[in-house]
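Below is one structure, written out as structure tokens, with a few remarks after it.
In what follows, chains are A, B, ... by sequence order, proteins preceding strands, each numbered from 1. From a predicted model like this one, the values you see are computed outputs, not experimental measurements.
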Amino acid sequence: NAGVTQTPKFQVLKTGQSMTLQCAQDMNHNSMYWYRQDPGMGLRLIYYSASEGTTDKGEVPNGYNVSRLNKREFSLRLESAAPSQTSVYFCASSEYLAYGYTFGSGTRLTVV
Amino acid sequence: GQQVMQIPQYQHVQEGEDFTTYCNSSTTLSNIQWYKQRPGGHPVFLIQLVKSGEVKKQKRLTFQFGEAKKNSSLHITATQTTDVGTYFCAGPGGSQGNLIFGKGTKLSVKP
């Protein structure tokens, strides 16, 4: 039982490049989330999906897009990466909104 | 908007000493959750408190939810090096009821 799987674990991008961070959960959870974590800033919500078929903006959505592909998968896309998007990205899921999150192991992204 | 604040931001203790982190919300919470993140790792769910005045224990960890459901604390008795990490509290909030995380308390333990 893998829980929440994120790929890739590490990535270096050049400014202006695009990429998609993948996230999949095998716990039949309804809700999924994308957070970024920066030193001194804690965990900031980028986008979330309360249930399959819905997505909503979080605290810091600018520069990102998401797709809830199905109940298992929730991807995060950076269309034109900027150095300010250098961060650690965590995907999480929960059975219901705001109920006991399970986090993936994270993606460390560097934009140069 | 709703805020969840944690103090202290950092705590350095000698192994065997006790440790407490405090969490305060600007609004009443339906529940409070605690997570632990080891260095280089990801946050891991520890516990959820729901009732006013609730106290729960997990071995050397004691979690409390305030009577007004606006504050909470995590107390670790006789810290060990395995307790090192950042402890986050979180409560439902936001425009759609998703979790609002505090900025965490980073605990270091000197052997």
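- Hydrophobic clustering places A:Val66 together with A:Val60 (ILVMFWY residues linked when any side-chain heavy atoms are closer than 4.5 Å, directly or through intermediates).
- A:Tyr101 places a side-chain N or O within donor-acceptor distance of the main-chain N or O of B:Leu99, the cut-off being under 3.5 Å.
- Linking Ile, Leu, Val, Met, Phe, Trp and Tyr whenever their side-chain heavy atoms come within less than 4.5 Å puts B:Ile76 and B:Val84 in one cluster.
- Within the 6.0 Å centre-distance limit, the rings of B:Phe101 and A:Tyr35 are counted as a close aromatic pair.
- Taking a 6.0 Å sphere around CZ of B:Arg60, one finds it holds more than 12 heavy atoms contributed by other residues, nucleotides or ligands.
- Cluster membership check: B:Leu46 shares its hydrophobic cluster with B:Val109, using side-chain heavy-atom separations under 4.5 Å among Ile, Leu, Val, Met, Phe, Trp and Tyr.
- At a 4.5 Å heavy-atom cutoff, A:Arg44 makes no contact with chain B through either its backbone or its side chain.
- Note that CG of B:Asn98 and OG of A:Ser49 are 11.5 Å apart. Values are rounded to the nearest 0.5 Å.
- For A:Glu59, no part sits under 4.5 Å from any heavy atom of chain B, backbone or side chain.
- The shortest side-chain heavy-atom distance between A:Tyr99 and B:Gln48 falls under the 4.5 Å cut-off.
- A 6.0 Å sphere centred on NZ of B:Lys56 holds more than 12 heavy atoms belonging to other residues, nucleotides or ligands.
- Linking ILVMFWY side-chain heavy atoms closer than 4.5 Å, directly or via other members, places B:Phe19 and B:Ile47 in a single hydrophobic cluster.
- One finds the CZ atom of B:Phe88 at 4.5 Å from the CG atom of A:Leu43 (value rounded to the nearest 0.5 Å).
- Shown here for B:His42 and A:Phe90, the closest heavy-atom pair between the two residues is CB-CE2, 3.4 Å.
- For B:Gln6, no part lies under 4.5 angstrom from a heavy atom of chain A.
- When the side chains of ILVMFWY residues are joined at heavy-atom separations under 4.5 Å, either directly or via intervening members, A:Leu97 and A:Phe74 end up in two distinct hydrophobic clusters.
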